[in-house]
Amino acid sequence: MRLTTGNSVAIVVACSVAACVNPQVPIVDHPPAPDRFARAASQDPQARASAADELVGDPTFSAVQMLNTLLVRDIDPAVRAHAADAIAARHDPDLEGMLENAAHADPDPRVRQAAEQARQRLWPWGKSPGKAAALSIIGLGQFYLRDNQAGTAYLLTTGALVGSGLALVANHDVSIDGPSDSAKVPLGLGLATAGQNLLFYGIFDSYRDARVLRGDAGYSFHITHESLDELALAPFNPSVLKSPWVWGGVPAALAFGLGASILIDKIDGSDTQGRPTIFDVKKVNVFGHKFNRGAGFAAGAGYFGALFGTVGVGEESLFRGVIQTEMEERFGTVPGLVLGSVIFGSVHTLNFVDDPKQALYAVPVITVVGTTLGLAYQHTGHQLKTGVAMHFWYDTLLSLAAFAIDPDHQPFVVNYSMP
């Protein structure tokens, strides 16, 4: 039972979860002064400017009208510029048009500059983190946030990985539960999986960028700023590996997963007893080449390491970085953990479409492992590095154990004599 998702259901889940996220942010920490409208009509420019500051926290439409009046009609350029700042401070994207008009039409260049700067500050508040995540499903999340360079890189790289992977497995048996008749199949599956998980990370990245642009305001938990490089190297980072969640949690989860796998195999009637183990064979088949036992095991380990390196980053970014985060924001820490873990386990149901009976046993196990990853996420300050390392080592070691038990039935075993 490997924590991989060869389907796009997780993307739909991410969209449905993230699309509702757009918290209302308090714009001031004190109620507006009762004489704000009187001061806005004062002959004193300083009084009118201070009134604009008070109107920031006034939720009424009258306050918006008065700010627009100060921006458009006040005779003092300094007051008009101050009104532009106040409009931006309301964090209401519907007011962007006012600032855009002033940036083009005001007769004073200083006011035009102030209005344009205010418009740039207000612009991120019109960008929903949920919409950014949803658009990332089709590769447009970063374009929505005007980061065209990153958007192009994600779109081209993801397309190249998935496209080349699917091309390799075309017209071949794509089952990963036994030998294939072509080395193209395991290589193609690896490339497609890498593309899928880059897409998962891209969903998280655009969601995070939208929150960062808004100053991460209105959220209970600050979003992590870990880079893709940091996450990719997390399984080998000494500062991450020294965490008890890694050196203690992974062996515990592994023992649980192995025990459950053995039990499930026996219940399912697919016990591997009688099959040769890694210690019984002299040669190991990897990509159609016969290797000595040690070299073959190392080659298999390399395949799993490359495969699960992308899985750890992609799935943790999506399931913990987006889905669990949003569940916690909307329902609280404990319900968020439970819901996020249930979603994580449920999505993996499609890993067992060929054996629905096994899913009845395997999905609860995956859900428990997901809960462990979710707890680590919560207890490390909502950082992803620890979970990525745990996910990588759990998947890799579990797969290596399965490899040792049954080296002839692995995804990279290629038998060219098969029809």
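Note that the structure is a prediction, hence the values are computed from the model and not measured.
For the residue pair D280/T277, the side-chain donor-acceptor check at 3.5 Å is satisfied. Side chain to side chain, T386 and S243 fail the donor-acceptor criterion of an N or O pair below 3.5 Å. D85 and H82 share no donor-acceptor pair across their side chains, judged by distance under 3.5 Å alone. A donor and an acceptor atom, one from each side chain of N237 and K385, are nowhere located under 3.5 Å apart. Between the side chains of T224 and R208, not a single donor N or O lies within less than 3.5 Å of an accepting N or O.
A donor-acceptor pair is defined here as one N or O able to donate and one able to accept, closer than 3.5 Å; such a pair exists between the side chain of Y303 and the backbone of P186. At least one donor-acceptor pair under 3.5 Å links the side chain of N101 to the backbone N or O of G97. Judged by distance alone, with hydrogens and angles left aside, the side-chain atoms of W393 form no donor-acceptor pair with the main-chain N or O of V250 at under 3.5 Å. For E315 (side chain) and G312 (main-chain N/O), no donor-acceptor pair under 3.5 Å exists by modelled atom type. Side chain of T158 to main chain of L155: no donor-acceptor pair is present (N/O by atom type, distance under 3.5 Å, no hydrogens or angles). A side-chain donor-acceptor contact under 3.5 Å links E329 to the backbone of S220. For S206 (side chain) and A132 (main-chain N/O), a donor-acceptor pair under 3.5 Å exists by modelled atom type. A donor-acceptor pair under 3.5 Å is formed between the side chain of N197 and the backbone N or O of T193. Listed for the Q324 side chain is no donor-acceptor partner under 3.5 Å among the backbone atoms of S341. N285 places a side-chain N or O within 3.5 Å of a backbone atom of G288 that can act as its donor or acceptor partner.
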Requested in this report: Show your reasoning for whether side-chain hydrogen bond (donor to acceptor under 3.5 Å, both in side chains) applies to Y394 and T372.
Outcome: CA-CA 11 Å; Y394 175 85; T372 304; over 6 Å; no

Query - Derivation and outcome, ring-ring contact (aromatic ring centres under 6.0 Å, His included), residues F403 and F412 - result: CA-CA 10 Å; F403 181 24; F412 46 75; 5.0 Å; yes

Report task. Would you sort out whether V388 and E316 count as a side-chain contact (heavy atoms from CB on, under 4.5 Å), showing the intermediate values? Result -> CA-CA 6 Å; V388 168; E316 287 309 298; 3.8 Å; yes

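Listed by chain and residue number, nothing satisfies the side-chain hydrogen bond (donor to acceptor under 3.5 Å, both in side chains) test with T333 (two or more places apart in sequence, or in another chain). Take Q120 and apply the side-chain hydrogen bond (donor to acceptor under 3.5 Å, both in side chains) test, not counting sequence neighbours, and it matches E116. Every side chain to side chain contact (heavy atoms under 4.5 Å, CB included) that V79 has, sequence neighbours left out, goes to P45, R48, L70, D74, D76. Partners of R146 under the side-chain hydrogen bond (donor to acceptor under 3.5 Å, both in side chains) rule, at least two apart in sequence or in another chain, do not exist in this structure. In this structure, the side chain to side chain contact (heavy atoms under 4.5 Å, CB included) partners of H222, at least two apart in sequence or on a different chain, are D216. By the side-chain hydrogen bond (donor to acceptor under 3.5 Å, both in side chains) test, D209 pairs with Q142, sequence neighbours left out.
Residues F392 and F236 place their aromatic rings such that the two centres sit under 6.0 Å apart.
Summarising the local packing, NE2 of H104 is surrounded by 12 or fewer heavy atoms from other residues, nucleotides or ligands at distances under 6.0 Å.
Going from atom CZ of R211 over to atom OG of S128 covers 11.5 Å, rounded to the nearest 0.5 Å. Separating the OG1 atom in T380 from the CG atom in L375 is a distance of 10.5 Å, to the nearest 0.5 Å.
Annotation: cation-pi geometry not satisfied between R293 and F279 (NZ/CZ under 6.0 angstrom from ring centroid, within 45° of ring axis). Within the cation-pi definition used here (under 6.0 Å to the ring centroid, within 45° of the axis), K127 qualifies as a partner of Y144. Figure legend: cation-pi geometry between R320 and F204 absent, as NZ or CZ is not positioned both under 6.0 Å from the six-membered ring centre and within 45° of its axis.
A salt bridge does not link E100 to R119: none of the charged nitrogens lies less than 4.0 Å from a carboxylate oxygen. At a threshold of 4.0 Å, the pair D58-R36 counts as salt-bridged, since one of the basic side-chain nitrogens sits closer than that to a carboxylate oxygen.
Between F308 and F304, the ring planes are parallel. Angles under 30° get that label, and only those over 60° would be called perpendicular. Ring pair H91/W125 is parallel by interplanar angle, where below 30° counts as parallel and above 60° as perpendicular.
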